[in-house]
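Here's the structure we're looking at; comments come further down.
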Amino acid sequence: MRLFVAKEPSEDQRVAAVPETIRRLIQLGLEVDVEADAGAGSQIPDQQFIDAGAKIAPPDKISEADIVLRVQPPTVEMIAQLKKGAIHLSFLNPFASDKLVNAFANAGVSAISLEMMPRTTLAQKMDALSSQASLAGYAAVLLSATTIPQILPMMMTPAGTIQPAKYFIIGVGVAGLQAIATAKRLGARVEAFDTRPAVEEQVTSLGAKFVKIDIGETGQTEQGYAKELTAEQLDLQRQGMAKVCSKCDVVITTAKLFGRPAPVLVTEEMIAAMAPGSTIIDLAASPQGGNVVGSKFGESVTTENGVTIIGPAIIENTVARDASLMFASNLANFIEHFWDKESAKLTIDPAHEILAGCLLTHGGAVVHPKFTNATK
Ligand code: NAD
């Protein structure tokens with residue numbers, strides 16, 4: 001089988017395979033083509049891919065591939081170039097676009113959506129959403145540390161004592177936990193809140209304080225994602241968080257709802273009560289909005305009262321090489337898991353417990369029950 005590693009659009013510095021994973025894929029029996037310059041954003045020169053056994057190829061070589069790896073969703077035009085029967089692995093943002101799902105079905109391509117990877121122990125090693133979220137949480141703390149006009153740890157010097165910076169992390173999933181751990185390591189005082197009750201223990205075990213807000217019954221889905229709150233519950237949550245925000249130097253929001261728009265959690269009034277120089281990082285920012293009123297996707301804005309609000313587009317870009325390494329490992333783990341040694345092929349059984357969760361199209365049809373009604 002031939003595998004093609006696509007170059008990402010210029011806004012994404014990552015790449016879906018690195019020399020280490022290419023060696024693993026070649027060992028399986030795959031022939032690997034890497035699009036020229038695909039590793040540039042992650043500081044991986046073409047020569048390193050060649051040394052690992054891959055060939056450097058022009059973009060149109062994709063049409064010969066049996067397996068395609070990339071990070072970002074392709075365009076409909078890119079899907080049209082794929083070979084019938086090919087297997088395509090990437091993020092697909094499938095809730096945002098029926099068009100892509102239908103294009104994959106029409107092209108006869110088996111499309112795996114990495115966002116839909118089941119949250120099970122077996123699939124954990126293939127879970128790119130988690131591997132990237134964890135780096136995002138880390139990177140958000142570092143970004144905030146260079147934005148605020150102060151240091152994070154307490155420092156006692158002959159010149160005086162500096163108090164630790166105060167952080168508030170809203171949403172304690174994979175990104176939030178890593179943000180807490182990173183801010184704690186740098187010496188900040190950290191508080192955190194999440195609507196899933198199970199999180200409190202994880203927060204305290206990292207040495208942070210869990211902010212208690214009574215918003216009535218909350219919960220999580222079978223996959224571990226938060227359930228949507230009612231408008232009244234969201235109001236209660238915002239009231240409960242307002243005081244904490246006003247005392248914090250940095251607020252990092254990571255609160256997402258799988259397959260739905262992120263809830264608005266930090267309002268104009270809450271921002272107006274924050275001190276000049278404080279910073280909010282909205283990791284849920286998207287072109288459709290995020291957790292923070294006034295955050296702009298891919299931009300940094302400063303409010304009239306001097307609060308910086310950053311809505312990073314792809315914060316993983318700041319640690320692109322490690323982000324690529326983790327993403328590439330997730331994909332190599334997937335291929336190794338489903339590799340059939342006898343036939344030397346990647347086999348797709350739509351009924352397999354992992355594939356039933358993340359395979360959107362197969363054999364010329366939309367097969368995932370969440371998308372079978374995708375508009376043509
Ligand atoms: P996510 O990115 O969907 O959301 C981030 C966090 O925001 C979540 O913790 C969510 O509860 C929280 N949130 C949503 N609405 C909120 C609100 N109004 N206020 C405050 N917080 C709010 O979630 P995630 O990081 O992908 O992870 C969710 C859970 O799944 C975590 O417990 C994680 O450990 C678990 N998980 C399990 C596996 C596995 O078992 N293989 C893999 C990855 C994640």
Side-chain angles (χ1 to χ4, degrees), residues 91 93 95 113-140 168-181 191-203 205-206 208 210-242 244-245 251-267 270 280-286 289-293 312 315-316 326-327 329-330 333-334 337 353-354 357-358:
F91 286 132
N93 202 5
F95 294 102
S113 164
L114 296 175
E115 296 93 336
M116 303 293 292
M117 195 60 72
R119 297 193 123 191
T120 57
T121 310
L122 187 63
Q124 221 163 6
K125 61 183 178 185
M126 314 169 196
D127 183 354
L129 214 48
S130 290
S131 72
Q132 302 303 293
S134 146
L135 291 175
Y138 166 88
F168 185 28
I169 313 293
I170 305 173
V172 191
V174 181
L177 278 175
Q178 195 56 244
I180 295 173
E191 296 187 65
F193 177 72
D194 195 295
T195 53
R196 289 181 302 115
V199 164
E200 179 172 356
E201 201 189 319
Q202 296 167 11
V203 169
S205 73
L206 285 170
F210 188 76
V211 174
K212 291 199 194 245
I213 305 170
D214 186 3
I215 53 174
E217 197 165 318
T218 58
Q220 60 186 56
T221 66
E222 264 176 35
Q223 292 281 312
Y225 290 113
K227 288 197 175 153
E228 196 166 10
L229 300 184
T230 63
E232 293 74 34
Q233 285 179 309
L234 271 175
D235 258 345
L236 284 174
Q237 178 183 347
R238 286 187 286 251
Q239 285 166 28
M241 294 191 313
V244 187
C245 282
V251 174
I252 297 177
T253 69
T254 77
K256 292 183 187 163
L257 292 167
F258 192 69
R260 290 164 190 273
V264 176
L265 302 175
V266 181
T267 61
M270 289 156 86
I280 306 174
I281 302 206
D282 185 356
L283 283 187
S286 75
N291 291 146
V292 182
V293 172
I315 200 166
E316 296 88 337
M326 289 174 82
F327 187 93
S329 299
N330 292 138
N333 291 339
F334 179 98
H337 189 89
E353 61 170 286
I354 292 178
C358 61

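Count residues from 1 along the sequence. Whatever order the structure lists them in is the order used to number ligands and atoms, beginning at 1. What's counted below: heavy atoms across the whole structure, side chains too, no hydrogens, waters or symmetry copies.
- Using a distance-only test at 3.5 Å, with no hydrogens or angles considered, a donor-acceptor pair links the side chain of Q233 to the main chain of E217.
- Summary of contacts: the protein heavy atom closest to atom 33 (C) of ligand 1 is V174 CG2, 4.2 Å.
- Close contacts of ligand 1 with D127, meaning ligand atoms under 4.0 Å from a residue heavy atom, involve 42 (C), 43 (C).
- Atom numbering of ligand 1 starts at 1 in the shown order; those under 4.0 Å from a heavy atom of L265 are 17 (C), 18 (N), 19 (N).
- Under the 4.0 Å distance rule, the nearest protein heavy atom to atom 27 (O) of ligand 1 falls inside the cut-off.
- From the protein, the heavy atom lying nearest to atom 8 (C) of ligand 1 is D194 OD2, 3.4 Å.
- Atom 1 (P) of ligand 1 has K256 CB, 4.0 Å as its closest protein atom, hydrogens excluded (heavy atom only).
- Within ligand 1, counting atoms from 1 as listed, the ones closer than 4.0 Å to a heavy atom of L229 are 18 (N).
- A donor-acceptor contact shorter than 3.5 Å is absent between the side chain of T195 and the backbone of T218.
- With K125, M117, Q202, R196 as candidates, the residue nearest to atom 11 (O) of ligand 1 on a non-hydrogen basis is R196.
- At least one heavy atom of S130 sits closer than 4.0 Å to an atom of ligand 1.
- The nearest protein atom to atom 13 (N) of ligand 1, hydrogens excluded, is given as A255 CB, 3.7 Å; this is a heavy-atom distance.
- The option from A262, G173, P263 that lies nearest to atom 6 (C) of ligand 1, judged by heavy atoms, is G173.
- T195 CG2, 3.5 Å is the protein heavy atom nearest to atom 17 (C) of ligand 1.
- Listed by atom number, the atoms of ligand 1 under 4.0 Å from Q237 heavy atoms are 17 (C), 18 (N), 19 (N), 20 (C).
- The protein non-hydrogen atom at the shortest distance from atom 44 (C) of ligand 1 is R119 CZ, 3.1 Å.
- Taking every non-hydrogen atom of T254 and a distance limit under 4.0 Å, the qualifying atoms of ligand 1 come out as 4 (O), 5 (C), 6 (C), 7 (O).
- Counting protein heavy atoms only, atom 3 (O) of ligand 1 is closest to Y225 CD2, 3.3 Å.
- The environment of F91 atom CZ is dense: over 12 non-hydrogen atoms of other residues, nucleotides or ligands sit within 6.0 angstrom.
- For atom 21 (N) of ligand 1, the nearest protein heavy atom (residue, atom name, distance) is G171 CA, 3.5 Å.
- Heavy-atom contacts of Q124 reach the following atoms of ligand 1: 39 (C), 41 (N) (cutoff under 4.0 Å).
- Partner of Y225 under the side-chain hydrogen bond (donor to acceptor under 3.5 Å, both in side chains) criterion, chosen from K256, R196, R119: R119.
- Of the heavy atoms in V172, only backbone atoms (N, CA, C, O) come closer than 4.0 Å to ligand 1.
- For ligand 1, the atoms closer than 4.0 angstrom to any heavy atom of T120 are 41 (N).
- Aromatic ring centres of F193 and F168: separated by at least 6.0 Å.
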